[in-house]
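Let me begin by presenting the structure, written as structure tokens, before commenting on it.
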2 protein chains.
Amino acid sequence: MTTPRRLLVRCLFEASGHRTAEELAAEIQARAPDISISTVYRNLEELERLGVVVHSHLGHGPATYHLATAAHGHLVCRKCEIQVEIADGFFADLRRRAIADFGFAIDPRHFAVIGLCATCQAAADDLGDFTAG
Amino acid sequence: MTTPRRLLVRCLFEASGHRTAEELAAEIQARAPDISISTVYRNLEELERLGVVVHSHLGHGPATYHLATAAHGHLVCRKCEIQVEIADGFFADLRRRAIADFGFAIDPRHFAVIGLCATCQAAADDLGDFTAG
DNA sequence: TTAAATGCAAAGAATTTGCATAACA
DNA sequence: TGTTATGCAAATTCTTTGCATTTAA
């Protein structure tokens, strides 16, 4: 148990949101300025190997990390990038089918489900009307 | 209509699998060696803007590109990385719920659904038995 | 002949790695 | 005291960008 590791774990427990490695590094560096981001990556990797932490991909940017106990799925708008957290129940049917048809045990939280939020759909429709007219 | 663009479109139509920008560039360069990969990226971007091509993320590596007409979802094993193509019907329930509860029109093909294939689940179980015993 | 597309090289973002030093047990 | 972790810098991977030159309509 080293200082960087202790601070990282503390950060992860204190706030439960998803944060990128860079954001976590910034929080840690506020307390211990010369902890390097490679140490953060290495510790996240180790914590993930131990099953304490998971990471997920919510878009094209950097991965986000959080406690495994706080994992959940996401809908992300491809246009405005708004994120919605969704309950595992949303994936019940998909999970059942994946097992039944392919023997796959899915982790539907690793990658977000991308789409268009209601607002951006409306905007796209308006644009459609405009360009058509 | 320039030579690089023509060759890229031909490549995309000839074989229907998903290929990375690098793979597409290699195919193109077999015919016209000094077409650069940045041109491939630029044309893919343009074709995507026009709705002819889509890209998806099947794992942590490079994105894969294919004709929009050939789009489909994927299950990918996080361990052995085997890929299974799945029909849109798999996502019908998720799609319905996303619209009903959040107004989201999802594109469940952009990011793969990650998980463990049957073989890797079995391997994990064996390991579990072993380490437990 | 003029706007658009290209090639090259360099920049960028996110992550990983090599290696000498430092910290833990 | 010996393994494990760290900091730093450099390397990697994937993708984008700047800019001078070429190509196509």
Side-chain angles (χ1 to χ4, degrees), chain A residues 1-12 17-50 52-66 74 76 78 81 83 110-112 114, chain B residues 1-12 17-50 52-66 74 76 78 81 83 110-112 114:
Chain A
M1 253 304 161
T2 61
T3 305
R5 190 163 296 179
R6 189 162 20 241
L7 286 175
L8 173 59
V9 171
R10 203 209 284 191
C11 270
L12 288 165
H18 357 74
R19 277 155 299 168
T20 65
E22 198 161 7
E23 287 163 351
L24 288 164
E27 286 180 45
I28 291 167
Q29 284 159 358
R31 290 176 180 161
D34 44 77
I35 287 174
S36 80
I37 195 158
S38 49
T39 297
V40 172
Y41 274 110
R42 276 189 282 233
N43 278 305
L44 285 170
E45 188 183 18
E46 179 67 4
L47 290 171
E48 193 151 15
R49 210 181 52 74
L50 296 172
V52 178
V53 160
V54 294
H55 77 271
S56 42
H57 300 273
L58 305 186
H60 287 170
T64 60
Y65 294 82
H66 44 89
H74 295 86
V76 178
R78 75 151 84 252
E81 295 185 329
Q83 297 169 14
H110 186 74
F111 284 114
I114 225 161
Chain B
M1 252 308 160
T2 61
T3 304
R5 190 163 295 179
R6 190 163 17 242
L7 286 174
L8 172 61
V9 171
R10 205 209 283 190
C11 269
L12 287 165
H18 357 74
R19 277 156 299 168
T20 65
E22 197 161 7
E23 286 164 351
L24 288 164
E27 286 179 43
I28 291 167
Q29 283 160 358
R31 291 177 181 160
D34 43 74
I35 287 174
S36 81
I37 195 158
S38 50
T39 298
V40 172
Y41 273 111
R42 276 190 282 233
N43 278 307
L44 286 170
E45 188 183 18
E46 179 67 5
L47 290 170
E48 193 151 16
R49 211 181 51 74
L50 296 172
V52 177
V53 160
V54 293
H55 78 270
S56 42
H57 300 274
L58 305 186
H60 286 169
T64 59
Y65 293 82
H66 44 88
H74 295 87
V76 178
R78 74 150 84 250
E81 294 185 327
Q83 297 170 13
H110 186 74
F111 284 114
I114 225 162

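Numbered from 1 within each chain, the chains take letters A, B, ... in sequence-line order. The model shown is predicted, which means the values in this text are computed figures rather than measured ones.
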| task | Using atom NE2 of H57(A) as one end and atom P of dA13(C) as the other, report the distance to the nearest whole Å. | result | 19 Å

| said: Between P on dT16(C) and CD1 on I37(A), what's the gap in Å once rounded to a whole number? | reply: 11 Å

| query | Any idea which of dG7(C), dA5(C), dA14(C) is nearest the E22(A) side chain? | reply | dA14(C)

| remark: Residue pairs passing the salt bridge (charged side-chain N to carboxylate O under 4.0 Å, His left out) test with at least one member in residues 30-47 of chain A, sequence neighbours excluded, are E14(A)-R31(A), E46(A)-R49(A)

| request: Please report, rounded to the nearest Å, how far the P atom of dG7(D) is from the CG atom of L7(A). | output: 10 Å

| task | Sequence neighbours left out, what passes side-chain contact (heavy atoms from CB on, under 4.5 Å) with A26(A)? Give chain and number order. | result | none

| field | Residue list, ring-ring contact (aromatic ring centres under 6.0 Å, His included) with Y65(A), at least two apart or on another chain | value | H55(A)

| L50(B) CG to dA5(C) P, straight-line distance once rounded to whole Å | 10 Å

| query | Does a sphere of radius 6.0 Å around CD in E81(B) hold more than 12 heavy atoms from other residues, nucleotides or ligands, not counting ones at 6.0 Å or beyond? | reply | no

| field | Sugar-phosphate or base contact per nucleotide [nucleotides 20-25 of chain D; S, B, -; heavy atom under 4.0 Å] | value | ----SS

| query | Does R19(A) reach the main-chain N or O of C11(A) with its side chain, forming a donor-acceptor pair under 3.5 Å? | reply | yes

| query | Can you find a side chain N or O atom of Y41(B) that sits less than 4.0 Å from OP1 or OP2 on dT15(D)? | reply | yes

| Just how far, in rounded Å, is P of dA14(C) from CD of E23(A)? | 10 Å

| request: Let me know, please, whether A21(B) or N43(A) comes out on the 5' side of the other along DNA chain D by nearest nucleotide. | output: N43(A)

| If you pin A63(B) and P33(A) to their nearest nucleotides in DNA chain D, which one's is more 5'? | P33(A)

| For H74(A), what residues pass the side chain to side chain donor-acceptor pair (under 3.5 Å) criterion, not counting sequence neighbours? | H18(A), H72(A)

| note | Residues F111(A) and G59(B): closest non-hydrogen pair is CZ-O, 3.8 Å

| said: Rounding to an integer number of Å, can you tell me how far H55(A) NE2 sits from dA14(C) P? | reply: 14 Å

| said: Can you measure H60(B) atom NE2 to dT15(D) atom P for me and round it to whole angstrom units? | reply: 14 Å

| task | Measure across T39(B) and P4(B) and return the closest heavy-atom pair with its distance rounded to 0.1 Å. | result | CG2-CB, 3.7 Å

Pairs under 3.5 angstrom, nitrogen or oxygen only, protein versus nucleotides 8-10 of chain C, please.
| from | atom 1 | to | atom 2 | distance (Å) |
| --- | --- | --- | --- | --- |
| dC8(C) | N4 | S38(B) | OG | 3.2 |

| query | Rounded to the Å, how far apart are Q29(A) CD and dT6(D) C1'? | reply | 13 Å

| request: Give a yes or no on whether E22(A) atom CD has more than 12 heavy-atom contacts from other residues, nucleotides or ligands under 6.0 Å away. | output: no

